[in-house]
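Written below as structure tokens is the structure these notes are about.
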2 protein chains.
Amino acid sequence: MTATLYKIGELAQKADVSVETLRFYETKNLLNAHSRSSAGYRLYSEQDLHQLYFILHAKKVGFSLAEIKQLLGVQVNKQQYTCEDVKHFTEEKIAQIEAKIDDLSKIKLALAQLNKACCGGEESAMHCSILHTLEDPTLFQVKGA
Amino acid sequence: MTATLYKIGELAQKADVSVETLRFYETKNLLNAHSRSSAGYRLYSEQDLHQLYFILHAKKVGFSLAEIKQLLGVQVNKQQYTCEDVKHFTEEKIAQIEAKIDDLSKIKLALAQLNKACCGGEESAMHCSILHTLEDPTLFQVKGA
DNA sequence: ATAAACCCTAAAGTTAACATTAGGGTCAAT
DNA sequence: ATTGACCCTAATGTTAACTTTAGGGTTTAT
Ligand SMILES: [Zn+2]
Ligand SMILES: [Zn+2]
Ligand SMILES: [Zn+2]
Ligand SMILES: [Zn+2]
């Protein structure tokens, strides 16, 4: 069976990004088209689509394009790395992810506590505990305060 | 007792931000000095300090400056808003954070599975299972699709 | 065969949240 | 009275991740 190839507009629609974004990713060497048509049109493979999903997803969880490039690009220079290197790299990334989850969980907890204390009623927010708490210097202890 | 007023450098140090940040917040109408000295120096009041804390706290829990400006608007004329308004705002933020945590967990799982399959040895990564797996398009099916 | 829809490159513009630079007053102390 | 720390404005620079613009080929359908 012949592999299906998508033109840039088709890929863009499938992944819900703009064609400009796709061309931009190419300049950043994040996603190269599988091939080009005789007219020079970019032709993307199914695998390219999956790689695009990975990029978008990693982005969504807070990885920068530079980090994603690292994540994706290890296999390009296989000879220069050992399994030890590779494993170490993924372990670092996992640790980073855990740290991010931690941060977000704390923020979520803080917001949830604020939210819980608010009556949510239809009267004026004059007494709103969220607003009061946010201006309290002691609650969240900003670094050097 | 006379109210204490801080010069911009003092306020900056108290809240651990740069003076440039404070002047920047002024241009964004997020934090205006209580008054100016005869020489034109910004003079901040204790209440200004509280508002700065408010800004920094909100920022720390993931609000953008634009969102904070909205929140400040609410805080400044609390009479015009209800607790319901405020609660909605934080509930939306909490939902956003939860979605991010969810996505991060998925990526972490994917990476952990890769990591587990790598031997971690000192030889070239030519045979590395992580790299081989990275080439597998099905792995990238992290997102929808 | 022509118009709409789609593709190309290169370059400049945009947004957020500041930081830096340039050129110059102000204030406390030596 | 001069140094050094601190303040001012206005303008420009920074980084990330795109978007827009300009000018011009290609495909497809009528
Ligand atoms: Zn209430
Ligand atoms: Zn409330
Ligand atoms: Zn190995
Ligand atoms: Zn390996």
Task: Distance-only polar pair, side chains of Lys116(A) and Gln113(A), donor-acceptor under 3.5 Å - done: no
Open item on the list: Measuring only between side-chain heavy atoms, which start at C-beta, is Val17(B) closer than 4.5 Å to Tyr25(B)?
Closed with: no
Task: Difference in axis direction between the ends of the helix from dA1(C)-dT30(D) to dT30(C)-dA1(D), five pairs, 10° - done: 10°
- [ ] Enter the distance from Leu65(B):CG to Phe24(B):CZ here, rounded to the nearest 0.5 Å.
- [x] 6.0 Å
Open item on the list: Show every ring pair (Phe, Tyr, Trp, His ring centres under 6.0 Å) that has at least one partner inside residues 98-118 of chain B, sequence neighbours left out.
Closed with: none
Open item on the list: Distance check needed: dC8(D) P versus Leu11(B) CG, whole Å only.
Closed with: 11 Å
- [ ] Specify the separation, in whole Å, of atom CG of Leu22(B) and atom P of dC6(D).
- [x] 15 Å
TODO: Starting from C1' on dA17(C), measure out to CG on Leu52(B) and report it in whole angstrom.
DONE: 15 Å
TODO: For residues Glu98(B) and Lys108(A), determine if any side-chain heavy atom of one lies less than 4.5 Å from a side-chain heavy atom of the other.
DONE: yes
- [ ] Would you give the length of the straight line joining atom NE2 of His50(B) to atom CG of Leu31(B), rounded to the nearest 0.5 angstrom?
- [x] 12.5 Å
Open item on the list: Rounding to an integer number of Å, can you tell me how far Glu26(B) CD sits from dC7(D) P?
Closed with: 14 Å
Open item on the list: Output the rounded distance in Å from NZ (Lys7(B)) to P (dA5(D)).
Closed with: 14 Å
TODO: Respond yes when some side-chain nitrogen or oxygen of Arg23(A) is under 4.0 Å from OP1 or OP2 of dC8(C), and no when none is.
DONE: yes
Task: Sugar-phosphate or base contact per nucleotide [nucleotides 14-24 of chain D; S, B, -; heavy atom under 4.0 Å] - done: ---BBSB----
TODO: Output all residues satisfying side-chain contact (heavy atoms from CB on, under 4.5 Å) with Thr82(B), sequence neighbours left out; order by chain, then residue number.
DONE: Glu84(B), Asp85(B)
TODO: Round to a whole Å and report the spacing from CG of Leu43(A) to P of dC6(C).
DONE: 16 Å
Task: Close side-chain approach of Tyr6(B) to Asp48(B), heavy-atom, < 4.5 Å - done: no
Open item on the list: Does any part of the side chain of Thr90(B), heavy atoms only, come nearer than 4.5 Å to the side chain of Ile130(A), both counted from C-beta?
Closed with: yes
- [ ] To the nearest Å, give me how far apart OH (Tyr6(A)) and P (dC7(C)) are.
- [x] 15 Å
TODO: Under the ring pair (Phe, Tyr, Trp, His ring centres under 6.0 Å) rule, collect the residues that match up with Phe89(B), sequence neighbours excluded.
DONE: Phe63(B)
TODO: Could you tell me the separation between the CG atom of Leu49(B) and the OH atom of Tyr53(B), rounded to the nearest 0.5 Å?
DONE: 4.5 Å
Open item on the list: Below 4.0 angstrom, which residues in residues 35-42 of chain A have at least one non-hydrogen atom near DNA chain C?
Closed with: Arg36(A), Gly40(A), Tyr41(A), Arg42(A)
